[in-house]
Amino acid sequence: MSDWAGIAWLVVLLIGNAFFVGAEFAVISARRSQIEPRAENGSRAAKTALYAMEHATAMLATSQLGITICSLLILNVSEPALHHLLMVPLGITGLGEAAVGTIAFVITLVFVSYLHVVFGEMVAKNIAFSVPDRAVLLLAPPLVWVSKVFHPIVWLLNAIANSVLRLFRVEPKSEANSTFTLEEVATIVSQSRREGVLQDPTGTVAAALEFTDKDAGDIAVPLEQLVTLPETASTAEIERAVASHGYSRYVIVDDSGAPTGYVHLKDILRITDARADDPIPAKRIHHMVPVGVTTDLEDALALMRERGRHLANVRESDGRTVGVLFLEDILEELVGEVNDATERQRRR
C-alpha cells in the first residue's frame, strides 16, 4: 500500500470512528417523546431509531466493535504511511537513522492521536449531545444495518457483557432510558426558572409537581372546621346557611357528627312539592366517596371523577372519619385559589 493510500485510509477510518461514536451517544441521548410522533407519521428513519433505542445494548456493542476496529486499523494502516513520509524531510537534518525514526514515530503518534481524539471522538460526541434527535434519525439506520450484518459477533459480545454484569448482581437493560423521575423533573423546572428559561409567574408548574407529592389527608378539611347541617335539615335551613356562609355545598352529618353525605344548592332549588320546613328528601343527599388519609391526590381525584362526586369522606385505617376532601381544594393545588361560585356571587 502506498503512503498516500494510507493517508486516504486515515480519513476514511476517522469518519468511520466518528460515525460509531456519534451513533452510540445519539441512541442513548435521544428522547422517545421526540421520535415517536415522527414514527407515527410514517417516518422509516424514526421507526428504525426507535428500534435502536429499544435494543440499546446491542447498538452499544455494535458501536464499540466499530470503534475498536477503526482505532486498530488507524494505528496499523495510517501510522506506517505517515511515519515513512516524515522520514524523508527529517533525513536531511543529518541525524542518525535511529533518531530520525524515533522523532518520526513520536510526531506520527501525536498527530494521529490528536486527529483520532478530536475528530474521531469529541466532535462526533458533541454533535450527538447537541442535537440528539436529529443525530439518531441520521445515524441509527446505518448502525442498525451494521448490527444485523455482524449479528453473531454483537450477540456474543452482548451476552458476555451481560453475564459479567449479573455476576455483580446488576440487571442489564436493553432499552435506553427516555423518561424522567418526578425529582428530576422538579430539578429541571427549578433550574430553568433560576436561569430565566422557564416563566412560571402563577406557580402552576411548580404546583403540579408538588401536587403529586400530597395525600388526601394533607388538604382534607377537618370535621371541626366544616359548616355542617343535620340530616333533618329543611330547605329553609339550607337557604339560611347559604345566606350566612355563601357556599353551594353543605356536609350532612348524623346525630354523632359523622358525615353521611352532602347536599348541593341546586338540588334544593328543584324541590317544588314540599314545604320549606320539611326535611330534605333522602334522594337529594349525595353520598361522598370514601378515601383513605394516605390516598394520593391523583387517585382521590380520579375516584371522585369516576363517581361524579365533588366531596370525599377521608378516613383513617380504622374507618374513623377525620375530614372531608373538596374538589375545589384539589384543583387549588394545581391552579391556585378557586372560590365557590355561590360565594363569589354573594361577594359582588
Side-chain angles (χ1 to χ4, degrees), residues 6-79 112-165 170-180 184:
I7 300 300
W9 272 109
L10 172 61
V11 175
V12 172
L13 291 172
L14 283 175
I15 294 174
N17 197 91
F19 160 74
F20 286 111
V21 171
E24 176 183 16
F25 282 90
V27 168
I28 62 178
S29 300
R31 292 286 169 185
R32 291 185 64 97
S33 59
Q34 300 296 321
I35 306 301
E36 286 177 342
R38 295 173 180 264
E40 292 173 356
N41 290 332
S43 172
R44 294 183 62 183
K47 293 178 181 178
T48 306
L50 287 177
Y51 173 87
M53 295 170 69
E54 292 168 355
H55 299 80
T57 53
M59 298 302 109
L60 295 182
T62 303
S63 298
Q64 289 301 315
L65 177 63
I67 293 170
T68 302
I69 292 175
C70 289
S71 300
L72 292 176
L73 289 177
I74 286 174
L75 291 176
N76 286 278
V77 176
S78 304
E79 190 278 333
V112 172
S113 298
Y114 174 82
L115 294 178
H116 185 263
V117 172
V118 174
F119 295 100
E121 293 276 350
M122 295 181 63
V123 171
K125 186 184 302 182
N126 290 339
I127 291 175
F129 271 141
S130 301
V131 285
D133 303 330
R134 291 163 57 186
V136 76
L137 292 174
L138 178 65
L139 302 177
L143 181 65
V144 171
W145 180 83
V146 173
S147 71
K148 292 182 178 180
V149 171
F150 295 95
H151 176 71
I153 300 176
V154 172
W155 179 87
L156 179 61
L157 292 174
N158 206 29
I160 294 174
N162 290 342
S163 298
V164 173
L165 286 177
V170 176
E171 186 61 31
K173 295 183 178 180
S174 298
E175 185 172 356
N177 183 24
S178 58
T179 59
F180 291 109
E184 290 172 334

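Note that these values count all heavy atoms, side chains included, but never hydrogens, waters or copies made by symmetry.
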- Can you measure from CG (Asn17) to CG (Leu115) and round to the nearest 0.5 angstrom? 11.5 Å
- Message: Please find the pair of heavy atoms, one from Val136 and one from Ala30, that lie closest to each other, and give the distance.
- Response: CG1-CB, 3.8 Å
- Query: Can you name the ring pair (Phe, Tyr, Trp, His ring centres under 6.0 Å) partners of Tyr51, sequence neighbours left out?
  - Reply: His55
- Query: Judged by atom type as modelled, is there a donor-acceptor pair below 3.5 Å linking the side chain of Asp133 to the main-chain atoms of Gln34?
  - Reply: no
- Distance in Å, Glu24 CD paired with Ser29 OG, rounded so as to fall on 0.5 Å steps: 9.5 Å
- Task: Taking all heavy atoms of Phe119 and all of Ala18, pick out the closest pair and write down the distance.
- Result: O-CB, 3.6 Å
- Here the pair of heavy atoms bringing Leu137 nearest to Ala49 is CD2-CB, 4.3 Å
- With Val154 as partner, the option from Val146, Val149, Thr62 fulfilling side chain to side chain contact (heavy atoms under 4.5 Å, CB included) is Thr62
- Message: When you measure from the side chain of Asn41 to the backbone of Pro37, do you find a donor-acceptor pair of N or O atoms at a distance under 3.5 Å?
- Response: yes
- Heavy atoms of Met59 and Ala52 approach each other most closely as CG-O, 3.4 Å
- Task: Grab the two heavy atoms, one from Pro141 and one from Thr48, that are nearest each other, plus how far apart they are.
- Result: CA-CG2, 3.6 Å
- Mind checking the CD1-CG spacing from Ile15 to Leu10? Nearest 0.5 Å is all I need. 10.0 Å
- Query: Quick one: does Leu139's side chain get under 4.5 Å of Phe20's, heavy atoms only?
  - Reply: no
- Rounded to the nearest 0.5 Å, the CD1 atom of Ile67 sits from the SG atom of Cys70 at a distance of 8.0 Å
- Note on the structure: Of all heavy-atom pairs linking Leu14 and His116, the shortest is CD2-CA, 3.7 Å
- Heavy-atom check, side chain of Arg31 versus side chain of Met53, under 4.5 Å: no
- So CD1 of Ile35 and CG of Leu50: to nearest 0.5 Å the spacing works out to 6.5 Å
- Can you measure from CG (Leu60) to CG (Leu143) and round to the nearest 0.5 angstrom? 9.0 Å
